[in-house]
Chemist: 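Following this message is one structure expressed as structure tokens.
Protein chains get the first letters and strands the later ones, always in sequence-line order, with residue 1 at the start of each.
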Amino acid sequence: MNAAVLTGSHYWDGDYACAEGAIAAGCRFMAGYPITPSTEVAERLAERFPLVGGIFVQMEDELASMAAILGAAWAGTKAMTVTSGPGFSLMQENIGLGVMTETPCVVVNVQRGGPSTGLPTLTGQQDMMQARWGSHGDYEIIALCPCSPQECFDLTITAFNLSEQYRLPVLLMMDECVGHMTEKVVVPEPDKIKVRPRRWYRGPKENYHPYLPDKDLVPPMVRAGDDYRFHITGLTHDERGYPVINAACQHLCVTRLVEKVRRNVDDIVILDERDTEDAEVVVVSYGISYRVATRAIALARAQGIKVGSLRLVTVWPFPEKRIAELARKVKCMVMPEINLGQVFLELDRVAGCHCHTRLVPHCGGWVHDPQDILAAIVEGAKADVR
Amino acid sequence: MNDSGLPSINQPPAESGHHPLEPYLRMDRIPHIWCSTCGLGTVLNSFLTAVKNSGIRREDIAVVSGIGCTGRAAGYVNLDSFHTTHGRAIPFAAGLKLANPRLKVVVISGDGDLIAIGGNHFIHAARRNMDLAVICVNNFNYAMTGGQFGPTTPLTARTTTAPYGSYEHPFNLPFLAESCGATYVARWTALHVRHLTAAIREILSRRGFGFIEVISPCPTVYARRNRLGSGLDLLEFYRDNSDVRNGADTRECAIGFQERLIVGKFVDIEKPTFTDTMNASLAESVGKDYVPYQGPMEPEADIGHESTKDASGTDKT
């Protein structure tokens with residue numbers, strides 16, 4: 001078990017697969033605080049990092065964990081933390097610092113039911129809006145939702161690649177079911193795994209400004225300790241990283257942070273679309289709810305209902321374009337979520353003026369009954385074209 | 001130079017007419033925002049003089065600050081510097097240090113930042129003997145926010161949120177630091193410039209969790225509300241009321257409102273750092289399979305390794 005990339009087939013749960021994905025992506029620093037149901041990711045890394053040259057630190061709390069990975073990232077190391085609902089809440093302020101200082105890192109949230117301590121050991125998808133808006137201020141974030149242990153491995157690598165490409169914290173929004181589900185995970189040969197390098201600055205030292213962006217609005221980076229003597233701050237700042245506290249600088253600074261994601265949505269968004277060519281109803285889902293929806297879709301197809309599936313691998317930024325295109329063609333979009341309507345708000349905003357939308361809510365603690373999703377599909381298929 | 005081996009504070013300006021510390025300051029950010037007769041300029045001067053005298057290359061030092069008046073220190077030093085969130089300078093610094101062990105990482109922040117909101121991080125970094133130099137500028141209140149009381153405000157001192165006088169027991173910071181495991185603990189005031197400079201130089205050249213408390217005047221909010229005069233008046237108070245007691249028992253170093261101050265170097269011991277104990281423990285228990293951390297990514301190592309975003313082969317439409 002000494003290799004960094006454990007090429008071959010494994011029988012892993014999602015949490016272990018996530019840890020192995022991080023190692024394969026080149027992550028060598030993990031700071032975290034134990035919380036159910038994410039703990040196995042930390043446990044796996046505590047066991048594996050000493051074998052591959054990584055540092056695992058169990059910090060005193062989640063605030064420290066998030067701060068520590070930002071520090072490690074600026075030292076020039078790929079860094080990650082992992083948590084669940086309440087811990088994710090505690091990380092929000094420093095996720096904002098990560099956004100403002102454009103620090104590449106990955107935050108894994110294995111979601112459980114909330115609010116508050118809620119359902120520590122049982123599943124939920126209830127941090128989706130917290131992922132989008134949990135920190136204060138205007139910002140854009142990237143959040144991915146795996147639906148299987150295999151994807152926990154693959155999308156952890158994707159999360160690191162996106163974080164390096166766009167220089168921001170990328171969120172991997174797992175859920176308890178996916179985290180604790182054990183399935184076959186295939187790890188490719190190391191040279192078959194695409195790992196995006198950091199965007200290193202390569203110009204003359206005297207010309208370096210930490211926030212002078214490339215054409216795609218993302219600035220290249222340097223490491224602390226390489227004599228660039230840069231300054232970074234969570235304050236609104238200019239290209240030099242110096243605080244400038246006025247409306248004009250706020251406009252430039254925050255607009256670019258937002259635009260670097262918005263302008264690249266087409267490159268960021270990953271969707272898994274099935275059977276939508278002839279569909280009258282499309283089920284939009286993510287994470288474990290997709291797996292349940294698959295059963296409901298099969299039952300509906302058996303009844304002769306033309307139903308397709310759109311799985312949001314990327315939930316944030318929200319894939320508006322494709323959803324609007326599909327919404328113009330179908331009668332209804334159905335969304336099961338293990339919450340009482342979070343991402344559905346976005347679906348309804350984008351699709352609601354073109355077609356009917358139906359939320360299939362679940363408060364958490366267990367997955368949907370496929371019959372509930374089926375019922376929504378059946379009702380959706382009867383709907384008039386809007 | 002004088003007997004202490006440090007430059008005299010009375011030394012004439014450099015022949016160029018520039019301040020001798022200019023290379024260590026971001027001159028394009030000067031003047032700073034600190035109030036007239038505030039102690040922070042003195043602390044910054046001591047810190048940068050210590051850096052200059054330490055012989056440590058500038059690229060080998062990084063400064064991390066939290067929020068508040070002292071939190072702005074990181075913005076003025078011409079070093080790699082980080083102005084982070086309120087209370088989180090120490091864990092940020094810990095991540096930076098662990099991920100690049102070559103760096104000397106210095107945390108400069110205020111009493112409110114390090115000890116109130118950041119108190120948990122402070123005690124655990126000291127417990128782990130995290131290899132950090134921590135300079136806490138204690139002005140007994142939350143100055144930038146408008147002069148509210150904090151965890152070091154002396155009993156009976158008035159602040160904007162203790163208009164009738166503080167009734168909370170304050171921390172005795174040297175005792176707190178020592179009891180949590182700090183391996184170097186000292187306290188000086190903004191008057192003790194040479195001692196302070198020497199102490200900072202000392203923690204720059206040693207390993208482990210080093211802690212210096214600097215008692216510093218806050219003329220604008222703390223002194224004014226307590227009718228203590230200007231910063232100069234407070235320096236005169238420090239002159240008349242400081243007892244230098246190196247090696248003093250830190251339990252006796254508590255601070256009362258306008259009472260005598262015990263200053264000096266209280267603790268200076270050696271103990272394995274977090275990295276030392278981590279490496280030793282893992283080397284023993286994991287054995288030959290243990291791969292110590294190899295340091296941060298090398299910018300040269302991945303030239304030309306561009307790829308598309310998706311490592312997973314996930315379907316994309």
Chemist: Check each atom of I232(A) against the heavy atoms of chain B and say whether the ones under 4.5 Å are side chain, backbone, both or neither.
Modeler: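 Both parts, backbone and side chain.
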Chemist: Which atom names give the shortest non-hydrogen contact between L51(A) and V291(B), and what distance separates them?
Modeler: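 Taking L51(A) first and V291(B) second, the nearest heavy atoms are O-CG2, 3.2 Å.
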Chemist: Determine, using ring centers only, whether F56(A) and Y293(B) are less than 6.0 Å apart.
Modeler: no
Chemist: Report yes or no: does R58(B) contribute a side-chain atom to a donor-acceptor pair with the main-chain N or O of D227(A) at less than 3.5 Å?
Modeler: no
Chemist: Counting only heavy atoms closer than 4.5 Å, note whether L98(B) contacts chain A via side chain, backbone, both or neither.
Modeler: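 Both backbone and side chain of L98(B) come within 4.5 Å of chain A.
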Chemist: Can you see which heavy atom on A224(A) is nearest to which on F82(B), and at what distance?
Modeler: CB-CZ, 4.1 Å
Chemist: For each of R26(B), H124(B), R102(B), tally heavy-atom pairs with chain A at distances under 4.5 Å, and name the one with the top tally.
Modeler: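 Highest number of pairs under 4.5 Å: R26(B).
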Chemist: Look at T156(A), I69(A), L70(A) and state which one has the largest set of heavy-atom pairs under 4.5 Å with chain B.
Modeler: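 Heavy-atom pair counts peak at L70(A).
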Chemist: At a 4.5 Å cut-off on heavy atoms, which part of F230(A) comes close to chain B: side chain, backbone, both, or neither?
Modeler: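 The answer is both parts of F230(A).
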Chemist: Nearest 0.5 angstrom please: R127(B) CZ to E60(A) CD, how far?
Modeler: 7.5 Å
Chemist: Heavy-atom pairs under 4.5 Å with chain A are the metric here; pick the option from A99(B), G75(B), S81(B), A74(B) that has the most.
Modeler: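 Looking at each of A99(B), G75(B), S81(B), A74(B) in turn, S81(B) comes out on top.
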Chemist: Check this for me: K271(B), atom NZ, are more than 12 non-hydrogen atoms of other residues, nucleotides or ligands nearer than 6.0 Å?
Modeler: yes
Chemist: Charged N to carboxylate O under 4.0 angstrom, E59(B) versus R223(A)?
Modeler: no
Chemist: With chain A, which of Q294(B), R72(B), H121(B), R88(B) has the greatest number of heavy-atom pairs at distances under 4.5 Å?
Modeler: H121(B)
Chemist: Report which part of A31(A) has an atom under 4.5 Å of a heavy atom belonging to chain B: side chain, backbone, both, or neither.
Modeler: neither
Chemist: Would you mind checking which part of R128(B) comes under 4.5 Å of any heavy atom in chain A, side chain (CB onward), backbone (N, CA, C, O), both or neither?
Modeler: side chain
Chemist: Considering non-hydrogen atoms only, spot the tightest contact between M59(A) and P91(B) and give its length.
Modeler: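 Reported closest heavy-atom pair: CE-CB, 3.9 Å.
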Chemist: Working to the nearest 0.5 angstrom, can you tell me the gap between E298(B) CD and D226(A) CG?
Modeler: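 Answer rounded to 0.5 Å: 8.0 Å.
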Chemist: When heavy-atom pairs shorter than 4.5 Å are enumerated against chain A, which of L96(B), N120(B), V286(B), D80(B) gives the highest number?
Modeler: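 Most heavy-atom pairs under 4.5 Å with chain A: D80(B).
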Chemist: How long is the span from the CE atom in M100(A) to the NE2 atom in H83(B), to the nearest 0.5 Å?
Modeler: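 Rounded to the nearest 0.5 Å, the CE-NE2 separation comes to 11.5 Å.
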Chemist: Check whether more than 12 heavy atoms from other residues, nucleotides or ligands sit under 6.0 Å from atom OH of Y211(A), and answer yes or no.
Modeler: yes
Chemist: Pick from S65(A), A68(A), G54(A): which one has the most heavy-atom pairs with chain B under 4.5 Å?
Modeler: A68(A)
Chemist: Among L79(B), L103(B), V77(B), which residue has the highest count of heavy-atom pairs closer than 4.5 Å to chain A?
Modeler: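 Answer, by heavy-atom pair count under 4.5 Å with chain A: L79(B).
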Chemist: May I ask you to name which of V105(B), I123(B), D60(B), N78(B) has the most heavy-atom pairs under 4.5 Å with chain A?
Modeler: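 Result: the option with the highest number of such pairs is N78(B).
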Chemist: At a heavy-atom distance under 4.5 Å, which candidate from K78(A), Q150(A), M66(A) has the highest pair count against chain B?
Modeler: K78(A)
Chemist: Between Y76(B) and Y242(A), is a ring-ring contact (aromatic ring centres under 6.0 Å, His included) present by the stated rule, with each step listed?
Modeler: CA-CA 10 Å; Y76(B) 300 124; Y242(A) 289 8; 9.4 Å; no
